[in-house]
Amino acid sequence: MFRTPAVCRRGGIAAAVVIAGLALLPAPARAEGGVPTQLNAADMTLLNGVRTAGLWEMPAGQMAAQKGSTAKVRQVGQMIADQHVQLDELVVAAANKLGATIPSTPTAQQQGWLNEMQNAKGGQFDQTFVTRLRAAHGKIFPIIGAVRSGTRNPVVRELADQANTFVMNHMKMLESTGLVQYERLPPAAMPPAEDLSAMGIATANASLTPPVSPLVLWMLLIAALGVAAVTVIRLRRPRS
């Protein structure tokens, strides 16, 4: 569990929290021998996404535990920070098992969100905290499901199961504050549905032998009947 050190008189609480949170983060995950096995781009997207999420949401949660204007926001912030410590340990362990190297610092965008929260106060801070974290969790949530459904790596599969539980719980926690603005959430990114229309089937079968047109079949049938009729007439015609 994070314990925020005493804040210097001249330093802001938010800045001290961020520094303390980052200082307590685990060291970057590095290979413990071997090379990445059975990993593809989707697998690495999950590893990197879970890792960078923790790198900024741990200090963000700790900041909320200190700066939140309501008891609910402070409670949610502390719980998210604590649980991201656990999730970060899991993703670091998974990366080490796989011989993969994952980030050790938040992205520039995530650092910008932390800076935004540092400069916010009172109700504005609460709204910023909930809005930023709820949007981030909503973005990685479908990625976890997509990787879980297709990965061939058992370590990644297990991490996806674990991350799914944490992210779902965090979304519910953030929603329990009553500050989630659902109408401002980005629309769900749905995968393209299977196209069973005639056009879709035709496109899917483009590489196959094209089906014979009914008109052509009728023309062939008529021609065959004509040939048969001529043959019968010739056979019945008396010979000279």
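Here the structure is a predicted model, which means the values were calculated and not measured.
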So [Y] and [X], do their side chains get closer than 4.5 Å, heavy atoms only?
X: Gln118; Y: Trp113; result: no
X: Leu114; Y: Met63; result: yes
X: Thr52; Y: Pro106; result: no
X: Val91; Y: Leu46; result: no
X: Leu98; Y: Asn153; result: yes

Closer than 3.5 angstrom, by distance alone: can the side chain of [X] be matched with the main-chain N or O of [Y] as a donor-acceptor pair?
X: Ser149; Y: Ala146; result: yes
X: Asp126; Y: Gly68; result: no
X: Lys67; Y: Met117; result: yes
X: Arg157; Y: Thr151; result: yes
X: Asp43; Y: Asn40; result: yes
X: Thr131; Y: Thr128; result: no

Minimum heavy-atom separation for [X] to [Y], with atom names?
X: Ala64; Y: Gly77; result: CB-CA, 3.8 Å
X: Ser176; Y: Lys72; result: OG-CE, 3.1 Å
X: Val147; Y: Ala42; result: CG2-O, 3.4 Å
X: Ala65; Y: Gln78; result: CB-OE1, 3.4 Å
X: Glu57; Y: Ile80; result: O-CG2, 4.3 Å
X: Ala94; Y: Val155; result: CB-CG1, 3.8 Å

Go through the steps to decide whether Trp56 and Leu133 satisfy the test side-chain contact (heavy atoms from CB on, under 4.5 Å), and finish with yes or no.
-> CA-CA 10 Å; Trp56 84 276; Leu133 267 74; 3.4 Å; yes
Any chance you could measure [X], atom [atom1], to [Y], atom [atom2], to the nearest 0.5 Å?
X: Lys172; Y: Asn169; atom1: NZ; atom2: CG; result: 6.5 Å
X: Leu39; Y: Leu47; atom1: CG; atom2: CG; result: 6.5 Å
X: Gln162; Y: Asn164; atom1: CD; atom2: CG; result: 11.0 Å
X: Met171; Y: Phe141; atom1: CE; atom2: CZ; result: 4.5 Å
X: Gln124; Y: Phe129; atom1: CD; atom2: CZ; result: 15.0 Å
X: Arg74; Y: Gln62; atom1: CZ; atom2: CD; result: 13.0 Å

In terms of ring plane angle, is the pair His170 and Phe166 parallel, tilted or perpendicular, where the classes change at 30° and 60°?
-> perpendicular
Would you please say whether a donor-acceptor pair under 3.5 Å links the side chains of Gln86 and Asp82?
->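 Result is no, nothing qualifies.
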Start with the C-alpha gap between Arg134 and Arg132, add the side-chain angles, then the distance that decides, and say whether side-chain contact (heavy atoms from CB on, under 4.5 Å) holds.
-> CA-CA 6 Å; Arg134 178 58 179 79; Arg132 291 302 187 191; over 6 Å; no
Please step through side-chain contact (heavy atoms from CB on, under 4.5 Å) for the pair Leu87 and Gln83, ending with a clear verdict.
-> CA-CA 6 Å; Leu87 182 56; Gln83 291 185 18; over 6 Å; no
